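Keep in mind it's a predicted model, so treat the numbers as computed, not measured.
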Amino acid sequence: MTNLDNTTGKIKAFLNASILKFQSENNTPSSIGVYCCPWSGWISMHFNATKKLDETKNNCLDFEFVEFDFMEIPEWKNEYTNDNPEFKLNGSIHTHDPDFGDEAFNQLIFDYLKPIVTELKESYHSEILLQMLDSNFVEKI
């Protein structure tokens with residue numbers, strides 16, 4: 001079983017460091033994209049310097065700075081590939097059944113990341129797009 005709460009601090013540190021790195025190299029971003037593939041265990045950061053979020057058609061891969069930064073989370077991928085993957089979040093255990101596809105797992109991770117990204121928006125006052133790879137889960141924060 002993988003406890004998602006154990007990765008929260010690492011994810012917050014990565015997101016903040018990535019934004020600060022972008023700002024130091026390129027100035028304040030006009031918008032930020034947080035793109036995630038839960039089953040492969042990664043999060044990537046995307047930035048726009050001049051484009052508005054709407055100009056990207058709400059797709060991180062259409063940002064000006066695609067995959068500016070990248071974080072691997074091997075414990076997510078390792079758990080996902082187990083015979084009976086289980087993820088613990090806020091004391092609740094979520095079992096992933098691959099027979100039903102990835103969208104339930106995408107939703108779990110999307111719902112997990114959303115408050116983290118919302119907190120990030122409050123700190124940096126930028127429009128942020130949260131998007132899961134190959135999923136219907138995408139939202140402007």
Partners of [X] by side-chain contact (heavy atoms from CB on, under 4.5 Å), sequence neighbours excluded?
X	value
N136	E103
N59	L61, D62, Q131
N84	E86, T95

Side-chain heavy-atom pair [X], [Y] within 4.5 angstrom cut-off:
X	Y	result
K88	D5	no
I128	K140	no
L15	M71	no
I73	I11	yes

Is it the case that atom NZ in K51 sees more than 12 heavy atoms from other parts of the structure closer than 6.0 Å?
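Yes - once you tally the heavy atoms of other residues, nucleotides and ligands closer than 6.0 Å, there are more than 12.
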E55 atom CD: more than 12 heavy-atom contacts under 6.0 Å:
yes
For the atom pair [atom1] ([X]) and [atom2] ([Y]), what is the distance rounded to the nearest 0.5 Å?
X	Y	atom1	atom2	answer
I43	F70	CD1	CZ	9.5 Å
I32	F68	CD1	CZ	11.0 Å
I116	L120	CD1	CG	9.5 Å
L113	T118	CG	OG1	10.5 Å

Enumerate the residue pairs fulfilling salt bridge (Lys or Arg N to Asp or Glu O under 4.0 Å) with a member in residues 111-132, sequence neighbours excluded, ordered by first and then second residue.
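As it turns out, the salt bridge (Lys or Arg N to Asp or Glu O under 4.0 Å) pairs with a partner in residues 111-132, which skip direct neighbours, are K12-E119, K114-E139.
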Would you say the ring centroid of H96 lies under 6.0 angstrom from that of Y80?
yes
Please find the pair of heavy atoms, one from [X] and one from [Y], that lie closest to each other, and give the distance.
X	Y	value
P29	F47	CB-CD2, 3.8 Å
N106	L133	ND2-O, 4.3 Å
F22	A49	CZ-CB, 4.4 Å
T2	W76	CG2-CD1, 4.3 Å

Ring-plane angle category for F110 and F137, please: parallel below 30°, perpendicular beyond 60°, tilted otherwise.
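If you compare the ring of F110 with that of F137, the planes turn out tilted.
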Selection residues 23-40 - residue pairs positive for side chain to side chain donor-acceptor pair (under 3.5 Å), sequence neighbours left out:
S31-N48
Could you check whether any side-chain N or O of [X] sits under 3.5 Å from a backbone N or O of [Y], counting only pairs where one atom can act as donor and the other as acceptor?
X	Y	value
E67	S44	no
Y112	L89	no
H46	C60	yes

I'd like to know if the side chain of N16 pairs up with that of Y124 as donor and acceptor (distance under 3.5 Å, no hydrogens or angles considered).
yes
Polar contact flag, side-chain donor to acceptor under 3.5 angstrom, S92-H94:
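Side chains of S92 and H94: no pair found under 3.5 Å.
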Partners of K10 by side-chain hydrogen bond (donor to acceptor under 3.5 Å, both in side chains), sequence neighbours excluded?
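K10 satisfies side-chain hydrogen bond (donor to acceptor under 3.5 Å, both in side chains) with E75 only.
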